[in-house]
There are 2 protein chains.
Amino acid sequence: MSNLSTTSDDILTCARSLIVAGGYNGFSYADIADVVGIRKASIHHHFPSKADLVRTLVARYRKEAEAGMANLERQVSDPLERLRFYLGYWEACITDASAPFCVCALLASQLPVLPEQVGVEVRAHFRALSAWLASLLERGALHGRLQLVGSPSAEAETFMATVHGAMLSARAYGDPKIFAVVTGPLLERLAARSPL
Amino acid sequence: MSNLSTTSDDILTCARSLIVAGGYNGFSYADIADVVGIRKASIHHHFPSKADLVRTLVARYRKEAEAGMANLERQVSDPLERLRFYLGYWEACITDASAPFCVCALLASQLPVLPEQVGVEVRAHFRALSAWLASLLERGALHGRLQLVGSPSAEAETFMATVHGAMLSARAYGDPKIFAVVTGPLLERLAARSPL
DNA sequence: GACAGTCTTCCTACTAGAAGGTAGACAGAG
DNA sequence: CTCTGTCTACCTTCTAGTAGGAAGACTGTC
């Protein structure tokens with residue numbers, strides 16, 4: 001059993017890292033073929049069109065993200081620690097350059113030129129991520145572990161946008177450390193002040 | 001005199017809006033030719049290569065941005081009002097869809113696949129913008145008009161990243177209003193509390 | 001266990017069109 | 001009479017995508 005087809009996984013993994021580097025129009029089937037060690041036509045066997053490939057890839061990314069959120073909910077109970085964990089995850093990804101950008105954030109920047117089916121998945125990721133953050137923030141505030149200034153959903157949008165902006169700045173400066181510089185204060189601000 | 005050549009301006013303007021929509025690889029000379037009403041070869045007369053075109057375009061964008069900052073410094077004296085003006089400018093751009101994204105922010109997301117000469121200009125914009133914000137924040141804090149939690153440069157990076165993230169979210173949701181939702185709290189946080 | 005069929009995966013070879021870019025001619029303005 | 005801007009015509013390379021076939025693995029049935 002082990003693996004019905006590792007090739008299609010390899011294609012998806014490769015395509016993901018190519019998208020993270022240059023977006024939807026920043027790679028071609030030939031690029032993937034070179035890396036995976038396969039012919040272009042074989043990629044079309046697994047994913048008839050480029051839109052299919054990227055839609056599948058984003059859908060899979062979303063599943064992984066959902067699983068990551070669920071896992072975080074299970075393994076870490078403190079809301080502030082959950083956020084710290086989330087930021088730490090991205091900080092590690094950026095620092096070791098394994099995946100220095102969120103696939104959906106990158107694709108979202110090119111939404112106007114994306115195939116519709118891909119755009120739908122990208123939008124769905126934004127909604128899911130912000131919904132999770134909003135729920136996390138709301139629960140944290142209810143338990144007195146987090147202090148919110150605005151509504152949970154507004155705070156969630158700010159949090160998400162700042163993380164995305166931090167990825168962008170880290171890339172622009174070519175300096176992974178900038179991610180922590182930008183996102184660190186997010187946690188400080190949300191941490192409930194200990195009673196005087 | 002009026003204009004030595006409006007065509008090259010038209011090309012730059014058109015290319016800018018195409019980049020804002022889909023990034024460096026999201027448009028071609030043929031796309032520009034269609035819009036401007038000219039042949040591909042004529043574009044090459046003005047800009048020998050695509051890298052030339054985009055480098056020129058970003059350099060010009062940077063000049064306009066510098067001019068905008070200088071203008072803001074001249075016309076608005078209050079630091080908080082300056083920031084409000086800056087955010088208002090982008091909010092208007094996004095709302096009327098005239099230029100719903102910062103060219104440099106969009107290009108920065110694709111830095112790894114950008115021609116080196118373009119990357120240099122993009123990086124320079126990030127440095128210039130964050131330097132201006134840092135100086136603005138520092139002066140505002142000195143005069144007691146702004147309250148900073150971190151260093152001026154750290155606060156500037158956060159401010160810039162949040163603005164970029166807000167543009168991205170506005171695009172992802174297809175809702176210009178999200179920009180104000182995300183960036184509004186930035187000002188509230190920076191506004192010095194009136195003495196109790 | 002041998003045979004035939006079929007399904008999967010990959011291949012070579014190809015297509016049509018789009019990409020960025022070049023060569024050289026022509027028209028008008030200085 | 002040259003310089004600028006534009007054109008037509010072309011080139012090369014890359015693009016996504018197709019057609020059709022070979023090799024192997026699974027699935028019967030006799």
Side-chain angles (χ1 to χ4, degrees), chain A residues 1-19 21-58 60 107 110 112-119 121, chain B residues 1-58 60 106-107 110 112-119 121:
Chain A
M1 40 134 247
S2 75
N3 230 334
L4 282 168
S5 162
T6 182
T7 305
S8 105
D9 279 354
D10 291 349
I11 294 168
L12 288 172
T13 305
C14 173
R16 181 192 293 200
S17 74
L18 289 171
I19 286 178
Y24 188 83
N25 291 304
F27 76 100
S28 72
Y29 271 39
D31 296 329
I32 299 175
D34 283 348
V35 176
V36 176
I38 213 180
R39 298 290 142 152
K40 276 193 320 168
S42 308
I43 304 175
H44 280 285
H45 167 72
H46 293 279
F47 306 98
S49 79
K50 194 176 182 182
D52 285 321
L53 167 57
V54 178
R55 184 188 43 71
T56 307
L57 175 163
V58 176
R60 190 210 219 189
L107 289 175
Q110 310 173 358
V113 297
L114 253 37
E116 186 48 33
Q117 32 179 334
V118 176
E121 291 287 338
Chain B
M1 42 137 249
S2 75
N3 231 332
L4 282 168
S5 159
T6 182
T7 305
S8 107
D9 279 355
D10 290 349
I11 294 168
L12 288 172
T13 305
C14 172
R16 183 192 291 201
S17 74
L18 289 171
I19 287 178
V20 163
Y24 188 85
N25 291 305
F27 77 101
S28 72
Y29 271 39
D31 295 329
I32 299 174
D34 284 348
V35 176
V36 176
I38 213 181
R39 297 292 142 149
K40 275 195 318 168
S42 307
I43 304 175
H44 282 285
H45 169 73
H46 295 277
F47 307 99
S49 78
K50 194 178 181 181
D52 285 322
L53 167 58
V54 178
R55 184 187 43 70
T56 306
L57 175 164
V58 176
R60 190 211 220 187
L106 215 145
L107 289 174
Q110 310 174 358
V113 297
L114 252 38
E116 186 47 33
Q117 31 179 334
V118 176
E121 291 287 339

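Order of the sequence lines fixes the chain letters, A, B, ..., with proteins taken first and strands second; residue numbering starts at 1 for each chain. These numbers come from the heavy atoms of this one structure, side chains and all, not from hydrogens, waters or symmetry mates.
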Please tell me which of the listed nucleotides, [options], lies nearest to the side chain of [X]?
X: B/His45; options: D/dT4, C/dA13, C/dA19; result: D/dT4
X: B/Ser42; options: D/dG17, D/dT6, D/dT18; result: D/dT6
X: B/His44; options: D/dG17, C/dT22, C/dA19; result: C/dT22
X: B/Ala41; options: D/dT6, C/dA23, D/dG17; result: C/dA23

Given atom [atom1] of [X] and atom [atom2] of [N], what is their separation to the nearest angstrom?
X: B/Ile11; N: D/dG5; atom1: CD1; atom2: P; result: 10 Å
X: A/Ile43; N: D/dG17; atom1: CD1; atom2: P; result: 11 Å
X: A/Arg39; N: D/dA16; atom1: CZ; atom2: C1'; result: 17 Å
X: A/Leu53; N: D/dG17; atom1: CG; atom2: C1'; result: 13 Å
X: A/Tyr29; N: D/dT18; atom1: OH; atom2: P; result: 10 Å
X: A/His46; N: D/dA16; atom1: NE2; atom2: P; result: 17 Å

task: Check every strand shown and say whether A/Phe47 touches a base, only sugar-phosphate, or nothing at a heavy-atom separation below 4.0 Å.
output: nothing

- prompt: More 5' along DNA chain D: B/Gly37 or B/Lys40, using each one's nearest nucleotide?
  reply: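 Result of the comparison: B/Gly37.
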
Where the side chain of [X] meets the backbone of [Y], is there a donor-acceptor pair that is under 3.5 Å apart?
X: B/Tyr29; Y: B/Ser49; result: yes
X: B/Gln110; Y: B/Tyr24; result: yes
X: A/Asp31; Y: A/Ser28; result: yes

query: With distance as the sole criterion, is a donor-acceptor pair present between the side chains of B/Thr13 and B/Asp10 under 3.5 Å?
result: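 Looking only at side-chain atoms, B/Asp10 and B/Thr13 do not form any donor-acceptor pair under 3.5 Å.
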
Taking only the side-chain nitrogens and oxygens of [X], find out if one of them lies under 4.0 Å from OP1 or OP2 of [N].
X: A/Thr7; N: C/dC10; value: yes
X: A/Ser49; N: D/dA16; value: no
X: A/Ser28; N: D/dT15; value: yes

query: Is A/Lys50 side chain donor-acceptor paired with the D/dG17 base, going by distance under 3.5 Å alone?
result: no

- line: In this structure, CZ of A/Arg16 is separated from CD1 of A/Ile32 (nearest 0.5 Å) by 13.0 Å

